[in-house]
Student: 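The structure under discussion is supplied below as structure tokens; questions concerning it will follow.
Values below: all heavy atoms of this structure, side chains included; hydrogens, waters and symmetry mates excluded. Quick note: residue numbers are just sequence positions, from 1.
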Amino acid sequence: GPVVGVIGALEASLALALLRRGDSAAGRLYSYDALRGRLRQSRVRPRPDCPLCQGQVVDLKLSRYIPCSTPSTQETPCP
């Protein structure tokens, strides 16, 4: 329970920072150690071959991420 509360407070704080100052958490990875009560922030660089980072992904439709069915399931086959 308490860990969930701490993570929720962190998310709320990051959301308020984004709304107030436009300060985004993009490029940062947070790691919380509940036993020691420590929060660590690490910088993360984008991968050079990431299609989303390069602007190549233009549609984020759910159908793109649903796995194709096998013939035995009688669902829509892959395109």
Side-chain angles (χ1 to χ4, degrees):
V3 173
V4 174
V6 169
I7 299 301
L10 174 63
E11 289 179 356
S13 173
L14 291 172
L16 288 174
L18 178 64
L19 291 174
R20 283 191 215 157
R21 301 184 303 260
D23 182 24
S24 173
R28 290 183 267 176
L29 177 69
Y30 292 93
S31 179
Y32 179 63
D33 183 355
L35 293 176
R36 292 188 177 100
R38 295 182 186 164
L39 179 66
R40 188 175 72 198
Q41 175 184 334
S42 304
R43 291 276 179 195
V44 180
R45 288 180 283 165
R47 290 187 337 218
D49 62 339
C50 173
L52 183 62
C53 299
Q54 295 174 1
Q56 296 174 357
V57 176
V58 293
D59 66 329
L60 295 176
K61 297 177 185 170
L62 181 62
S63 61
R64 181 177 182 169
Y65 302 98
I66 296 175
C68 299
S69 62
T70 60
S72 62
T73 61
Q74 302 298 325
E75 294 178 13
T76 308
C78 296

Student: Using side-chain contact (heavy atoms from CB on, under 4.5 Å) as the criterion, list what pairs up with L16, not counting sequence neighbours.
Tutor: R20
Student: So, for Y32 and R38, which heavy atoms are closest and what is the spacing to 0.1 Å?
Tutor: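 Shortest heavy-atom separation between Y32 and R38 comes out as CD1-O, 3.3 Å.
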Student: Let me have the donor-acceptor pairs involving side chains of residues 3-15, under 3.5 Å, with sequence neighbours excluded, atom names and distances please.
Tutor:
none

